Every structure is written in C-alpha cells, then in structure tokens.
Protein chains: 2
Amino acid sequence: MSCETVSKRDQILRTAWRLFESQGYHATGINQIIKESGVPKGSFYHYFPEGKEGLAVEAIEAISEGISNKLDEVCTSQDDSVVAMAGMIRHIAQRLEETGYREGGPLTTVALETATTNERINEACQQAYGKLHGVLAGHLEEDGFTPDDAAELSTTILAGIEGGILFSRTFHSTRPMEQLARQLEETLTRQRNQAREQVT
Amino acid sequence: MSCETVSKRDQILRTAWRLFESQGYHATGINQIIKESGVPKGSFYHYFPEGKEGLAVEAIEAISEGISNKLDEVCTSQDDSVVAMAGMIRHIAQRLEETGYREGGPLTTVALETATTNERINEACQQAYGKLHGVLAGHLEEDGFTPDDAAELSTTILAGIEGGILFSRTFHSTRPMEQLARQLEETLTRQRNQAREQVT
DNA sequence: GTCTATAATACGATAGAC
DNA sequence: GTCTATCGTATTATAGAC
C-alpha cells in the first residue's frame, strides 16, 4: 500500500519537523521520532535509508516549500508588501506564543547547529533561506524598491525576523517580535517613499 | 595548588566555550571537552560537580561578561554610538570569517537549543542578552534617543545582529553582516537625527 | 513491506585507587 | 586533589523473522 489518508512516511516527516523545530537537530533522537509518530524502527529505515541526516534534509525541503508559499501568499494578498511583512512577523509571534515558544522558527536552530558541521543539511538550509530571500525580494521590487535595495533589504528583514525569533524564544515573550514588526513597518515605509520619490 | 598561569578550570571553561559556540550544546560531549582541554575526566567532575549543565551556565556567564564589556568599550571609544554599532558588526563578521564561520556568535546556537528545554541554561542566556541589551540601550540614550526608543531599538539591533550571524554562518559569507551594518548605519542615523530635531 | 530484537558505540556520570 | 576504569543508559543503525 503506497497510499493512505496520511502516509506513514509523511507522518514521520511531520513529527521530525516538529521535533527539530522545537528541540533542534542533535537533541532529537530517532527513537523519539519513531515513538511519537507511532512507526516501528524498521519502517523508519525502510522509508529513510539514509537515516537521520536524510530525514532532516527532506524535512527542511518540505518546510522550505511550505514557508516560501506562505510568505508569497501573504505578500500577494496584501498590495502593500511592507504591511504584509509586519503581518507575517505578528503571525509568527502568535504561533510562538501558542506553542509555548517551542514552534515558530522551523529552520533557525537546525541551521545554526549544522552550519559548519554537516554539509548536506547546511546546503538544504542555504536553499531554503535562498528561496525565502528570493520571494521577499521579488515582492519588494514590485513594491517600488530597486533590485539592489530589495535584495539587501530582504537580507536585513529576514535577519531581523530570525533574531526576533531567537529573542522571543529565549525570553518567552512576543515583545521582541512585536517591536520588530513596528520598527520595520516604520523604517521600510519611509525608505520606500524615499525610493519612489527618486524615481519620479 | 589552586593557582597556575592558566588554571585547569579556566582551560576547561575556555574549551567548552569554543565548542559550544561552534557546535552547539547537544553536539558537544564531555568526552570531547576533556580530550581537547587535556584534562582527565575525574578532574572535570571535581571542578564541575554539576556536570555539563553547570559548565554551560558558567561558560555563558563568562561569555556574557566578556561581550558586554567589549560592547561597552567599543561604544565608549566612539562618540557616535551608531558608528560604533556598525564597527561592532563588522568586527563580528571578521571573526566569523577568520574562524571558518565557526566562531563569532557565542550564545546564538546554545540559546536556541535550550530556550524551552533547559531552564537553567535558558536563564543564563536571558541574563546574558539582558545585559547586552542594557549596555546598548544606555549608549543609545546618551546619544540622543529617548529611553523608550533606545530600548526598542536595542532589541531590533541585537535581533538583526543575531540573525545576521545566522545567515553569515549558514552561507559562509560576511555579506549578510556587511549589508546589515550598512542598513543599520543608514537607518539609525536618520532616526536619531529625527529624534534630536523633535527635542529642539 | 512490516516489524522486533539486537548490535555497536557514545553518552553523562561515578566509584574508588592513589 | 588527581586520575583511571567502569557503570548504566542513551544513541544510530542493522539483521533477520514474518
């Protein structure tokens, strides 16, 4: 049977994703993943013959797809990409709060843990963040920023968000994310208006 | 003998600090720490009866002291705190590059790994980041920002730096940190000038 | 394809000789 | 105070029955 309502493979992937997000890569063991997903160990290695590392790479790719689509969706539904960004940040803050500050930054911890210690996972993280950066920069361009400014701003914005996630998780508070949203909204709006003036 | 040129205790602390910084908390084992610091296992548990967790807390406290002093020093030596911040960011970028993107964000990874899974270490991280935030906010106030603005800006700046460290480490490039420095310099200078105008 | 039992190894921590 | 040998218990991964 290669198909069910939710395949066992997806069940493993989902559980792993959640655990990597809340605990990090090294603190999450295969035993915990199979226990919480209710899948026997043998099946796990049948679906993921490359073990924990292969699982992590696939989980990151799935996460990447999900959050890039989400970001694109939010930015498209709002004609003002700056307002959309602030909304996105507040949305993450809400998710952080709801989960007891365990979930809300799906890649942050794993990316840092593996940046210089696991080449395959690091590559997956680079692709994931690269994709996010591309989506955001694209929307900023559509919104009046020059390509160079949009690219540089995207980096700064994403860095702010990742750092905000770090602080909100560390202090168990949505405040850092809220302050970030307000600051970005203010700064970016001014910066964009300036950019638009130069064009006309 | 409780005193040498560099006590064994400090040697352990230093090695642990470096390994936690580059690999994270969970990926760093006691065995590796004692091996690289050249201290027998028995001695380790003599000096750190609370084991790995106690060691981490002490390492974070030592790190906190070091980077807060460094930040204070840099901000004091420069009469313009905004320029000082940009210099600080470029200094971190240089250290990241020199160490192959292994060192440069001493707390970032550990803080995320333990945010919701280890209360003692999380508290140590809160204190460390709180101290940094206080130092930075103080200098921004001296530099013309209102207390409220200074506090909120400090959060945003530190978040940007932590996120910048994440991206520079992930992409093995100083570019994210360089872009961040430029953006902050520009944005903060404008914001400060506006704040000063409102006073007069 | 599915699952259990187990291998091989590493972990943090300790006991006890010196 | 200093160090070695070792204890349980984790870990990832596999072998082999069904």
Side-chain angles (χ1 to χ4, degrees), chain A residues 1-20 22-60 109-110 113-114 117-122 124, chain B residues 1-20 22-60 109-110 113-114 117-122 124:
Chain A
M1 233 75 68
S2 63
C3 191
E4 300 171 21
T5 46
V6 174
S7 75
K8 287 192 180 179
R9 203 170 186 286
D10 278 353
Q11 218 164 313
I12 296 171
L13 221 42
R14 240 173 253 242
T15 307
W17 170 352
R18 181 174 49 80
L19 291 174
F20 286 148
S22 61
Q23 305 178 331
Y25 180 71
H26 290 107
T28 302
I30 297 292
N31 290 326
Q32 190 183 9
I33 294 172
I34 60 157
K35 196 176 175 185
E36 295 202 14
S37 58
V39 172
K41 188 169 279 193
S43 300
F44 169 78
Y45 281 101
H46 169 69
Y47 290 118
F48 298 95
E50 295 185 70
K52 189 180 173 180
E53 185 178 293
L55 170 64
V57 170
E58 277 205 55
I60 291 166
T109 311
V110 175
E113 280 183 284
T114 60
T117 54
N118 188 310
E119 220 167 310
R120 282 189 63 199
I121 301 181
N122 174 54
Chain B
M1 234 75 66
S2 62
C3 190
E4 301 171 21
T5 45
V6 174
S7 75
K8 287 191 180 181
R9 203 172 186 283
D10 278 352
Q11 217 165 315
I12 296 171
L13 220 43
R14 241 174 252 241
T15 307
W17 171 351
R18 180 174 50 80
L19 290 174
F20 286 147
S22 60
Q23 306 180 331
Y25 180 72
H26 289 107
T28 303
I30 297 295
N31 291 325
Q32 189 183 11
I33 294 172
I34 60 158
K35 195 176 174 184
E36 294 203 15
S37 58
V39 173
K41 189 172 276 195
S43 299
F44 169 78
Y45 280 100
H46 169 68
Y47 289 118
F48 298 93
E50 294 185 70
K52 188 180 173 180
E53 184 178 293
L55 170 65
V57 170
E58 278 204 54
I60 291 166
T109 312
V110 176
E113 281 183 285
T114 61
T117 53
N118 188 310
E119 219 167 310
R120 283 189 62 200
I121 301 182
N122 174 54

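Note that the coordinates shown come from a computational prediction; the quantities given were computed from them, not determined experimentally.
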Between dA13(D) (C1') and Glu53(A) (CD): distance, integer Å: 14 Å
Distance, rounded to the nearest Å, where Phe44(A) contributes CZ and dT14(D) contributes C1': 13 Å
Any Tyr47(A) side-chain nitrogen or oxygen under 4.0 Å from OP1 or OP2 of dG1(C): no
Within residues 28-37 of chain B: residues closer than 4.0 Å to DNA chain C (heavy atoms): Thr28(B), Gly29(B), Ile30(B), Asn31(B)
Report, one line per pair, each donor and acceptor closer than 3.5 Å where one atom sits in a side chain of residues 51-59 of chain B; sequence neighbours left out.
from: Lys52(B); atom 1: NZ; to: Tyr25(B); atom 2: O; distance (Å): 3.1
from: Lys52(B); atom 1: NZ; to: Thr28(B); atom 2: O; distance (Å): 2.9
from: Glu53(B); atom 1: OE1; to: Asn118(B); atom 2: ND2; distance (Å): 3.1
from: Glu53(B); atom 1: OE2; to: Arg120(B); atom 2: NH1; distance (Å): 3.2
from: Glu58(B); atom 1: OE1; to: Arg9(B); atom 2: NH1; distance (Å): 3.1
from: Glu58(B); atom 1: OE1; to: Arg9(B); atom 2: NH2; distance (Å): 3.3
from: Glu58(B); atom 1: OE2; to: Arg9(B); atom 2: NH2; distance (Å): 2.6

Listed pairs, N/O of protein and of nucleotides 14-17 of chain C, under 3.5 Å:
none

Sequence-distant partners of Thr15(B), side-chain contact (heavy atoms from CB on, under 4.5 Å), two or more places apart: Arg18(B), Leu19(B), Glu36(B), Ser37(B)
Under the side-chain contact (heavy atoms from CB on, under 4.5 Å) test, residues paired with Lys35(B) that sit two or more places apart: none
Donor-acceptor contact present, side-chain Thr114(B) to main-chain Thr117(B), <3.5 Å: no
Rounded interatomic separation in angstrom, taking CD from Gln23(A) and P from dA10(D): 15 Å
Separation of atom CG in Leu55(B) from atom C1' in dA13(C), rounded to whole Å: 14 Å
Distance in angstrom units between Glu50(B) CD and dA13(C) C1', rounded: 14 Å
Residues Phe48(B), Leu13(B); criterion side-chain contact (heavy atoms from CB on, under 4.5 Å); working and verdict: CA-CA 10 Å; Phe48(B) 298 93; Leu13(B) 220 43; 3.8 Å; yes
Side-chain donor or acceptor of Glu113(B) paired with backbone N/O of His26(B) under 3.5 Å: yes
Gap between atoms NZ and C1', on Lys52(B) and dT9(D) respectively (whole Å): 15 Å
Ser43(B) side-chain N/O to dT2(D) phosphate OP1/OP2 under 4.0 Å: no
Phe44(A) CZ to Ile33(A) CD1 distance, which is reported to the nearest 0.5 Å: 6.0 Å
d(CD1, Ile12(A); P, dC3(C)) in whole Å: 10 Å
From CD (Gln11(A)) to OH (Tyr47(A)), nearest 0.5 Å: 10.0 Å
Pairing residues for Asn31(A) by the side-chain hydrogen bond (donor to acceptor under 3.5 Å, both in side chains) criterion, not counting sequence neighbours: Lys41(A)
